[in-house]
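Worksheet: the structure to be examined is printed underneath.
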Amino acid sequence: MTFPHAMLRCGYPYERVLGMRRVTTFPVDVAVGSDRIYVIGRTELGVGGNVRMVSLKTDDELGDDLTHGDMGTMADTGQVWPVALLRTDDGNLHILDEGSHTLTTYSADGDKLGSWGEHGSGPGQLDRPSGAAFDADGNVWIVDTQNHRLQHFTASGELLGGFGEHGDGPAQFNMPWGIAIDADGDLYVSDWRNDRVQKLTASGAHIMDFGTRPGYEVSHPSGIAVDDDGDLYVCERDRNRVVMYDHRGRYVESFGGAATLNRMGREYIRANQKTLRLREMTSLEEQKLLRFPQSVRYHDGRLYICDFGSHRIQIYRKDAEPLSEDQIMAELRAPTLSTT
């Protein structure tokens, strides 16, 4: 696949929020279904978790629905430290747990279908895995974080291969976190302690780094996603933002948060007189901002950001048009929009 030669970027407007505290509590990852999102939420103590479902219907579409879009718990997973959530085309959900070093599969109805994974540092063993992505063949790449490597498995857990070792050179890692796969099958890995994102082939050949250009450095990247245009989205959890790069590694823009209150949140706050008074007495500007975003997903033209510290999912809608080479002037030495 060839990514667009260039893009007419018309904007990336904030669209809406889904979830709230006590529904999507401390969300660490999200998967998008046909009519709902599935959200891994941590407990107030930060350990354990479950998968909550929230309707994709708008507030107007929900009408008199008194649940305000809360569709309940899909599975009380009993996970030790759930960190990543994937939904495959068959509707099944796959939860990666860095505490138990396992990948567990559930049906859309919440039935447990299987689980595999073993703690250790040998081939096929895992040590605090933190990211996973399925490839086009239905096999899964797992970020084996504390072993500083990637491992490739069948969906049932048979080891196919992998690569990586501790270090800061090409195809080396220092506590890697997230992973995404583009349409060509290339891998993007957030190399957390090396403050970069590496793009690699499936055989482990290094292609390029993202986030190392002076002035646009990425810091401790966590969750990542890539879209059909090759645009890359990188969570900077400790900087409270998501950074966007194009497929050449050029910084495009960042998302700092623009949240509003949805109907679910309004009902919750309306019932709390103290919260109402506090909102009346203080600046609300900070309330719209991201707080420790841990994971980001792209699906069908929209960006879903897990706003961990504010217990919600912020959604943005991409507005861009691909351009062919004959539609745009050749690259300039000193680009600036102030002259157009």
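Note that the structure is predicted; figures quoted are calculated from it, not measured.
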Side-chain donor/acceptor pairs under 3.5 Å, residues 168-176, sequence neighbours excluded:
unit_1	atom_1	unit_2	atom_2	d
Q172	OE1	D168	N	3.3
Q172	OE1	G169	N	2.8
Q172	NE2	E165	OE2	2.8

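- Centroid-to-centroid, the aromatic rings of W141 and F134 stay 6.0 Å apart or farther.
- Residue Q314 holds its CD atom at 10.5 Å from CG of L18, rounded to the nearest 0.5 Å.
- By the 4.0 Å N-to-carboxylate-O rule, K318 lies close enough to D229 to be salt-bridged with it.
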Give the C-alpha distance, both sets of side-chain angles, the deciding distance and a yes or no for side-chain contact (heavy atoms from CB on, under 4.5 Å) between K199 and F210. CA-CA 8 Å; K199 181 179 180 180; F210 290 77; 4.0 Å; yes

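- Look at K57 and D35 and you find no salt bridge, because none of the NZ, NE, NH1 or NH2 atoms lies under 4.0 Å from a carboxylate O.
- Residue-environment remark: CG (D89) stays at or below the threshold of 12 foreign heavy atoms within 6.0 Å.
- Stacking of R149 on the aromatic ring of F163 is not recorded, the 6.0 Å distance cut-off and the 45° axial limit not both being met.
- Side chain to side chain, H94 and T88 meet the donor-acceptor criterion of an N or O pair below 3.5 Å.
- Between the side chains of D137 and N139, no donor-acceptor pair is found at a separation under 3.5 Å.
- Using a 4.0 Å cut-off between charged side-chain N and carboxylate O, R9 and D231 make a salt bridge.
- Distance check: L103 CG to L86 CG gives 7.5 Å after rounding to the nearest 0.5 Å.
- Within the model, atoms CE of M244 and OH of Y233 stand 4.0 Å from one another, a figure rounded to the nearest 0.5 Å.
- In summary, the aromatic rings of F292 and F308 are positioned with their centroids too far apart to meet the 6.0 Å limit.
- Side-chain atoms of S222 and R237 form no donor-acceptor pair, as typed in the model, at a separation below 3.5 Å.
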Which donor-acceptor pairs under 3.5 Å do the side chains of residues 274-282 make with protein atoms, sequence neighbours left out?
unit_1	atom_1	unit_2	atom_2	d
T275	OG1	N272	OD1	3.3
T275	OG1	N272	ND2	3.3

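- A perpendicular orientation is assigned to the rings of W192 and H220, their planes being inclined by more than 60° (bins at 30° and 60°).
- Two rings, from Y316 and Y12, have their centers 6.0 Å or more apart.
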